[in-house]
Every structure is written in structure tokens, then in C-alpha cells.
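Computed from a predicted structure; not experimentally measured.
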Amino acid sequence: MILVSEMKRFIQYSVAMKTKIVLYSFIALFFFIGCSKDSDLNSNANAKIDKSANLLSTGASAADLLANTKFDELLIEITYVEGFRPSTEAIATFEEFLRARTFKEEITITYKQLTSPEEETLTLNEIVDLEKENRTAYNNGSTLAVYIYFADAPAETDDESEDTVTLGAVYQNTSMVIYEATIRDLVGNSTFVSIADVEAATLNHEFGHLLGLVDLGTPAINAHEDQDAESHCTTDGCLMRAELQFGRSMLKMMQSNTSKGLAAIPELDAECILDLQSNGGR
Ligand SMILES: [Zn+2]
Ligand SMILES: [Zn+2]
């Protein structure tokens, strides 16, 4: 895929250059020199950052996130729309989860505030475009970089009448979106669950997918993938249950946990942990 697209780009570039050469042969020479200097500068700037390792499919970096073999540092770049910064408590819970399940000990989290894209809803393509504009951290040496965007608009696919509002999604090997506005609407004035709990549950669930669960880059040792919900777990109460990415059903699950005296935020079951351990995790 990458090779084909690079080839296409090269062909487009060659055609563009030929057109330019023909054009410039009719124009004064100094214009041509000016142009070639510009394109040299651009290609140098692009050559500095190699983004290819961060543009792979979800789960492709599972083993690299879990073990320290190739990368021993993890850099989490959090971008958020002004007013939609995640709670400190949720990020602390998320970091605990990372330390519990991966061998990464050097974990850095950075924050960058963004202006609103002024959209009613967001398509996945729009989220990918926003990442291209705003992401600054890519894999570098032994540092593995992950990008998380906290959005001020809901997913375009949300259907409130069906109660299927999406709280988060992953769309590449190191990219995640959290629909922060949706989380805050959902929690509202709830007395049994906090915004921080839902943020943390969503972050942990989505990161579980980046860690390759279920059977998404981290092979399932014993079959426990939900046949009705791809990449999700069949075990009741597991963090990787499909209902965790949707609003109401997540609240129900968290409420049932607290009523049983358990922590509100669901944890991975034994099967999911076994898979992670078999792929280099803890
Ligand atoms: Zn999921
Ligand atoms: Zn599970």
C-alpha cells in the first residue's frame, strides 16, 4: 500500500515537474531558480519526520506497545479542543493501566490545546485530517508516540434514539479519538458515575484495541472474540466488552460494578490479560 501510494506520488511529481519545466522555459530563468529552491526546502522539511510507522492499521503496534524490545519510551500526545481537556484523574487512571499492562516505564504525556474545528459532528475522515494538521509526535528512535484527540463534537454515526452514542474510537496503530463532548453529555448530573470514570474507561478500552485486543494484532490464545462484535471480548464485565464504546450500555455496566462494590471502571478479564502477556505484555 505504501509503496503503491509513494509510486503514485512520484509519478504525479514527475508529471508536475515536467509541466513546470515546459512552462518555465517560456518564463524568465530567475523564476525557475526561485521555484526549485522552494521545493528543495519543502522536501527537506518533509524528510525530517518519518511518519510511516505511525500510519499503520489498528493493532499493528501491539507488540511494540507491550514490550520494550524496540521502544522503551512511550510518548502520549494529547490534543484537546479548548474547554474539553480530560480530567487529571482520568489521565492518572489511564497511566496506571499502561504501567500495569505494558513494560513501558518511561511514559511522557503532553497536552496541546486546539481551537474548535466548528463541526456539528465529526466523520472519521475529518478526524484523520485534524490529526494530520495537529499531530507533532511520531516514533523517534526508541520512543513510540501515540496521539489522542479529545473532540468537542460527537461522532457522525451517533444515533441518540437508538442509544448508540460512540465515546471513543481508534483508527490507526497509534491514533485515538475520545468524544469528550459526548462523554460529558452522557454523564450529565449522574450521581453514580463521574466524568473522570467514563473518560478513563473509554481511554482504557480504546487503548486495549491499540494493544491488539481482541485478536486485533495480539492473537487470542483461547477463543474469546465476540462473534457479533468484532475485536471485542465475550467475558461479562471485561474492559473489552463491546458495550464499553457506547454510551448508555457503558453507564449500565459501570453502575452494576459499583452496586456490586467493585471499581466502576471495568478491568480486563483473565483471557485478555493472557493474550497481552503472550504478546510481550504484563
Ligand atoms: Zn471497542
Ligand atoms: Zn476480555
Does [X] reach the main-chain N or O of [Y] with its side chain, forming a donor-acceptor pair under 3.5 Å?
| X | Y | result |
| --- | --- | --- |
| Thr166 | Gly168 | no |
| Glu77 | Thr136 | yes |
| Thr218 | Val214 | no |
| Thr235 | Cys238 | no |
| Lys104 | Ala67 | yes |
| Asn173 | Ala53 | yes |
| Thr123 | Glu126 | yes |
| Thr102 | Arg99 | no |

For [range], which residue pairs qualify under salt bridge (charged side-chain N to carboxylate O under 4.0 Å, His left out), counting only residues two or more places apart or in two chains?
| range | result |
| --- | --- |
| residues 202-227 | none |
| residues 259-282 | Glu105-Arg282 |
| residues 237-257 | Asp163-Arg248, Asp236-Arg241, Arg241-Glu243 |

Check the surroundings of atom [atom1] in [X]: do more than 12 heavy atoms from other residues, nucleotides or ligands lie under 6.0 Å from it?
| X | atom1 | result |
| --- | --- | --- |
| Lys70 | NZ | no |
| Asp129 | CG | yes |
| Gln277 | CD | yes |

Inter- and intrachain pairs under ring-ring contact (aromatic ring centres under 6.0 Å, His included), touching [range], at least two apart:
| range | answer |
| --- | --- |
| residues 259-282 | none |
| residues 228-251 | His205-His232, His209-His232 |
| residues 93-139 | Phe94-Phe207 |

List in chain and number order the residues that pass side chain to side chain contact (heavy atoms under 4.5 Å, CB included) with Asn257, two or more places apart in sequence or in another chain; answer none if no residue qualifies. Leu262, Pro266
For Glu73 and Thr108, which I'm curious about, is there any donor-acceptor pair between the side chains at under 3.5 Å? no
With a 4.5 Å limit on heavy-atom distance, are the side chains of [X] and [Y] in contact?
| X | Y | result |
| --- | --- | --- |
| Thr58 | Ser175 | no |
| Asn222 | Leu274 | yes |
| Asp50 | Asn140 | no |

Nearest-0.5 Å distance, [atom1] of residue [X] to [atom2] of residue [Y]:
| X | Y | atom1 | atom2 | value |
| --- | --- | --- | --- | --- |
| Leu268 | Leu239 | CG | CG | 5.0 Å |
| Glu199 | Ile91 | CD | CD1 | 7.0 Å |
| Asp159 | Thr164 | CG | OG1 | 4.5 Å |
| Ile265 | Glu96 | CD1 | CD | 8.5 Å |

Holding to side chain to side chain donor-acceptor pair (under 3.5 Å), I want the full list of residues that pass it with [X], two or more places apart in sequence or in another chain.
| X | value |
| --- | --- |
| Asp72 | Ser142 |
| Thr174 | Asn54, Arg135 |
| Glu180 | Arg184 |
| Asn125 | none |

Suppose clustering is done on Ile, Leu, Val, Met, Phe, Trp and Tyr with side-chain heavy atoms closer than 4.5 Å. Which residues sit in the same group as Phe84? Val81, Leu114, Leu122, Leu124, Ile127, Val128, Leu130, Tyr147, Tyr149, Tyr171, Val177, Tyr179
Full working for side-chain hydrogen bond (donor to acceptor under 3.5 Å, both in side chains) between Ser57 and Gln172: CA-CA 5 Å; Ser57 58; Gln172 274 169 173; over 6 Å; no
